[in-house]
Amino acid sequence: MVSLQHPMGEEKRIRVLIVDDIPETRENLRKLLQFEGDIEVIGAATGGADSIERAKELAPDIVLMDINMPDLDGIAAAEAILQASPHTQLVMMSVQGDADYLRRSMLAGAREFLTKPFTSDELVTAIRRVHRLQPRIEAPPLIQRAPPLEETPLPTKPEKRGKAIALYSPKGGVGCSTIATNLAIALGEEGERKVALVDFSLQFGDLGVLLNLQPKSTVADLAPHIEELDDILLDEVMQAHSSGVKALLAPPRPEMADLMAPEDMRRILAQLKSIYDYIIVDTASSLSDSTLAVLESSDKILLVISPDIPTIKNARLFFEVMEALDHPLEDIMLVLNKVDGRGSIQEEKIEASIKHPIASRISNDREAALAAANQGIPLLIGQKNRPISQDILTLARQLSRELEKVEKTIPEEAVSGSKGLIKRIFRSPGIL
Ligand SMILES: Nc1ncnc2c1ncn2[C@@H]1O[C@H](COP(=O)(O)OP(=O)(O)OP(=O)(O)O)[C@@H](O)[C@H]1O
Ligand SMILES: [Mg+2]
């Protein structure tokens, strides 16, 4: 056990307990934090078992935990600490390449994962961000907040019914993320609409790159707290883009996609619908249960295709799946991207093959799309006058007109009874 000095009488400081078995590392961490006025290192522990004792004794706000320790590893210690003290938050530290550790840490309840070596800036930012999430946890338990039955309940905020629009393509690289990003910006420009952009392409989501936002906080931060999901927590995790759109980014690493179950994704969308007018959701092209959960929870699906045979073939299969699931086909808008008329398949042929009308067309402009992606400046901000941008604006107007007509409620049984959807389809005869 190592005792560290701490100044008295500064109540609002973030109280940090350092846990690392290497004395030099403990000392370095302390040095990195010593000039931060709002952070106070209240102690240090030399191993997993010691950290449990020290956390009990000191009740820190944040435990800075090393993952690899000889006696009891950081993950087991984290679990024990978080169970004993729900007010404490955990930041895990590890060396590079520990992808599995990262996943297990998040599952154990860690709020942040720092890969060594990290800078003092990264460390301090992580501690402050995690600490900002804390008041929600310190709120009285829900059971105490609920009014007794005979009392008149307090007026609740009026229920908003935002519309979720999912972009899906049964083939990768067709343009979902490009269109999702710009569509969100376009919808936000129309009047006073609150727009959220969600990256549910969980493994290799690109929205952070397309918007030039760092994945400082992502959907993975919601995973350990999905049961307590509320507006405050969502707001903490979503990142503001200069366009006014709020983005919920995909996890920073592919293996962290497993942290989200389909049910969690439904919950997040339901909560977002109570805050935002429009929720634009980007998805991955595999038709997994997660993707199906998103598609089911959406008011509109934009099926993005490009004019080539493999994509058209997959789009046809996609419609068959949706039909087998009794998903209303009129809620699916077919968007033909990368239209250039040169050597492409005729639109009538596409419609005849897919048996669904093309609702919207977006020009092919490789140069503009690529520049936008590489610079992290969306088309509608950096290259608004190009036909590709104008086409997306037209799509946005068309979509908002359509959505005004839609007043759809998702039946409860569709939410609870839809686990293992894709397996259900594979079992039903005649499909795929
Ligand atoms: N209308 C367009 N004209 C030309 N190129 C485009 C157009 N839309 C998108 N692209 C380009 O196509 C590529 C794939 O786009 P994007 O990442 O948006 O697709 P995606 O469907 O999200 O792909 P992924 O399967 O990787 O998620 C990018 O290089 C992008 O710049
Ligand atoms: Mg994408």
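Both ligands and their constituent atoms are indexed starting at 1 by order of listing. Just so you know, these numbers come straight off a predicted model, no measurement behind them.
- Applying the 4.0 Å criterion to heavy atoms of Gly172 picks out, from ligand 1, the atoms 25 (O).
- Of all atoms in ligand 1, listed by their number and element, those nearer than 4.0 Å to a heavy atom of Cys176 are 18 (O), 19 (O), 20 (P), 21 (O), 22 (O).
- Nearest protein neighbour of atom 27 (O) of ligand 1, counting heavy atoms only, is Ser177 OG, 4.0 Å.
- A 4.5 Å side-chain heavy-atom check between Lys163 and Lys300 finds every atom pair outside the cut-off.
- Using a non-hydrogen distance threshold of 4.0 Å, Ala372 does not register as a contact of ligand 1.
- Pairs passing the side-chain hydrogen bond (donor to acceptor under 3.5 Å, both in side chains) check and including a residue from residues 242-251, sequence neighbours excluded, read Asp235-Lys246, His241-Ser243.
- Once rounded to the nearest 0.5 Å, the distance linking CZ of Arg15 with CD1 of Ile39 reads 13.5 Å.
- In terms of protein heavy atoms, atom 3 (N) of ligand 1 is closest to Asp365 N, 2.9 Å.
- Heavy atoms from other residues, nucleotides or ligands lying under 6.0 Å from NZ of Lys216 number 12 at most.
- Atom 14 (C) of ligand 1 lies below 4.0 Å from at least one non-hydrogen atom of the protein.
- With waters neither drawn nor counted, the protein N/O/S atoms under 2.8 Å from the Mg ion (ligand 2) amount to 1.
- Nearest non-hydrogen protein atom to atom 31 (O) of ligand 1 is Ala369 CB, 3.3 Å.
- For atom 25 (O) of ligand 1, the closest non-hydrogen atom of the protein is Gly173 N, 2.9 Å.
- Counting the atoms of ligand 1 from 1 in the order shown, those under 4.0 Å from a heavy atom of Asn364 are 3 (N), 4 (C).
- Legend: ring-ring contact (aromatic ring centres under 6.0 Å, His included) pairs involving residues 282-318, not counting sequence neighbours, sorted by first then second residue: Tyr168-Phe318.
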I'd like a table of donor-acceptor pairs (distance under 3.5 Å, sequence neighbours excluded) in which one partner is a side-chain atom from residues 389-399, with atom names and distances.
from	atom 1	to	atom 2	distance (Å)
Ser389	OG	Gln383	O	2.7
Gln390	NE2	Lys384	O	2.8
Asp391	OD2	Ser363	N	2.8
Asp391	OD2	Ser363	OG	2.4
Thr394	OG1	Gln390	O	2.9
Gln398	NE2	Ala359	O	2.8

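- For atom 19 (O) of ligand 1, the nearest protein heavy atom (residue, atom name, distance) is Gly175 N, 2.9 Å.
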